[in-house]
Novice: 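Mind looking over this structure? Questions follow.
These values consider heavy atoms only, across backbone and side chains, with no hydrogens, waters or symmetry-generated copies.
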Amino acid sequence: MSVAENSDRQTRAFPPGMHGRDRQRQGSEYLTQLREKQKARRIYGLLEKQFRNLYEEASRRPGMTGTNLLQFWNFVSTTSLTAPGGCVARPGRQFVRHGHVSVNGKRVTIPSYRVRPGEVVTLKNVTRENFNVKRNLDVLGRTVPGWLESADGGFNVTVRVVPQREQIDESIKEQLIVELYSK
């Protein structure tokens with residue numbers, strides 16, 4: 001008799017075996033904190049050591065550590081690059097590393113370079129013709145955050161002010177990350 005002919009067969013919401021029901025755990029608090037940290041790392045394109053160093057600097061600063069951390073993440077040059085050219089973190093990192101980005105007219109090749117208010121992040125003219133950059137500008141239609149000012153068709157971005165928590169659109173629960181690192 002085939003499986004299709006067996007009408008007594010039921011589909012269960014748990015795996016077979018004696019311990020099938022026991023395997024469905026919701027996950028620990030540590031797991032949710034770790035996943036939130038990894039999500040933030042991927043969004044901002046930072047390596048673990050850079051991420052840890054930014055946390056330590058944010059915890060030394062006055063104010064809320066989580067808010068400081070979000071501000072630091074948004075001041076990394078690859079993050080500021082998401083507005084000019086509409087890149088995501090990985091290609092943005094590569095653009096910076098290959099020298100396609102300048103800050104205040106000076107070439108920057110360090111992806112973790114932190115921009116400050118008043119600085120202008122610009123894509124080189126050659127990079128503006130890149131297929132991916134054009135596609136991202138045309139198709140994705142991203143809006144520039146309130147703390148950045150876009151010019152020249154989105155290829156120049158000026159950092160106006162330090163972003164506040166309300167101005168940062170990412171759905172990151174920074175408190176979980178602070179709890180993870182403060183253990």
Novice: Between CG of Leu47 and CG of Asn53, what distance do you get to the nearest 0.5 Å?
Specialist: 11.0 Å
Novice: Going from OG1 on Thr65 to OH on Tyr181, what distance comes out if it is rounded to the nearest 0.5 angstrom?
Specialist: 13.5 Å
Novice: Using a cut-off of 6.0 Å, state whether more than 12 heavy atoms not belonging to Arg160 lie near its atom CZ.
Specialist: yes
Novice: Just by distance, do the side chain of Glu36 and the backbone of Lys173 share a donor-acceptor pair under 3.5 Å?
Specialist: yes
Novice: Which value, rounded to the nearest 0.5 Å, describes the distance between Leu69 atom CG and Glu174 atom CD?
Specialist: 8.0 Å
Novice: Just verifying a value: how many Å separate Asn74 CG and Arg114 CZ, rounded to the nearest 0.5 Å?
Specialist: 12.0 Å
Novice: Among the clusters formed by ILVMFWY side chains lying less than 4.5 Å apart, do Tyr30 and Val178 turn up in the same one?
Specialist: no
Novice: Determine yes or no for a side-chain-to-main-chain donor-acceptor pair under 3.5 angstrom, with Lys39 supplying the side chain and Ser171 the backbone.
Specialist: yes
Novice: To the nearest 0.5 Å, what is the distance between OH (Tyr44) and CZ (Phe51)?
Specialist: 9.0 Å
Novice: Taking side chain to side chain contact (heavy atoms under 4.5 Å, CB included) as the definition, give me every residue that meets it alongside Lys106, ordered by chain and number, with sequence neighbours left out.
Specialist: none
Novice: Verify whether one side chain among Glu119 and Tyr113 offers a donor that lies under 3.5 Å from an acceptor in the other.
Specialist: yes
Novice: Donor-acceptor pairs under 3.5 Å, side chain of residues 95-103 to any protein atom, not counting sequence neighbours: which ones?
Specialist:
{"unit_1": "Arg97", "atom_1": "NH1", "unit_2": "Thr109", "atom_2": "O", "d": "2.8"}
{"unit_1": "His100", "atom_1": "ND1", "unit_2": "Thr127", "atom_2": "OG1", "d": "2.6"}

Novice: Go through it in stages, so that I can follow the logic: the residues are Ile177 and Tyr55, the test is side chain to side chain contact (heavy atoms under 4.5 Å, CB included), and I'd like the CA-CA distance, side-chain angles, deciding distance and then a yes or no.
Specialist: CA-CA 9 Å; Ile177 299 168; Tyr55 167 76; 5.6 Å; no
Novice: Tell me, with the steps shown, if Lys183 and Gln33 meet side chain to side chain contact (heavy atoms under 4.5 Å, CB included).
Specialist: CA-CA 11 Å; Lys183 287 183 179 180; Gln33 292 169 348; 3.1 Å; yes
Novice: Please give me the minimum heavy-atom distance between Ile172 and Ala40, naming the atom from each residue.
Specialist: CD1-CB, 3.9 Å
Novice: Would the number of heavy atoms belonging to other residues, nucleotides or ligands and lying under 6.0 Å from CD of Glu48 be above 12?
Specialist: yes
Novice: Sub-3.5 Å donor-acceptor pair from the side chain of Asn68 to the main-chain atoms of Pro62, do we have one?
Specialist: yes
Novice: Under 4.5 Å between side-chain heavy atoms, counting indirect links through other Ile/Leu/Val/Met/Phe/Trp/Tyr residues: same cluster for Val159 and Leu123 or not?
Specialist: yes
Novice: Is Leu46 reachable from Leu176 through a run of I, L, V, M, F, W or Y residues, each pair having side-chain heavy atoms under 4.5 Å apart?
Specialist: no
Novice: Can a donor-acceptor pair be found between the side chains of Arg41 and Gln38 at a distance below 3.5 Å?
Specialist: yes
Novice: Look at Glu56 together with Arg61 and state whether they make a salt bridge at an N to O cut-off of under 4.0 Å.
Specialist: no
Novice: If you measure from OG1 on Thr32 to NZ on Lys37, what distance do you get to the nearest 0.5 Å?
Specialist: 13.0 Å
Novice: Counting neighbours of CZ on Arg35 that are heavy atoms of other residues, nucleotides or ligands and sit closer than 6.0 Å, is the number greater than 12?
Specialist: no
Novice: Determine yes or no for a side-chain-to-main-chain donor-acceptor pair under 3.5 angstrom, with Asn104 supplying the side chain and Val120 the backbone.
Specialist: yes
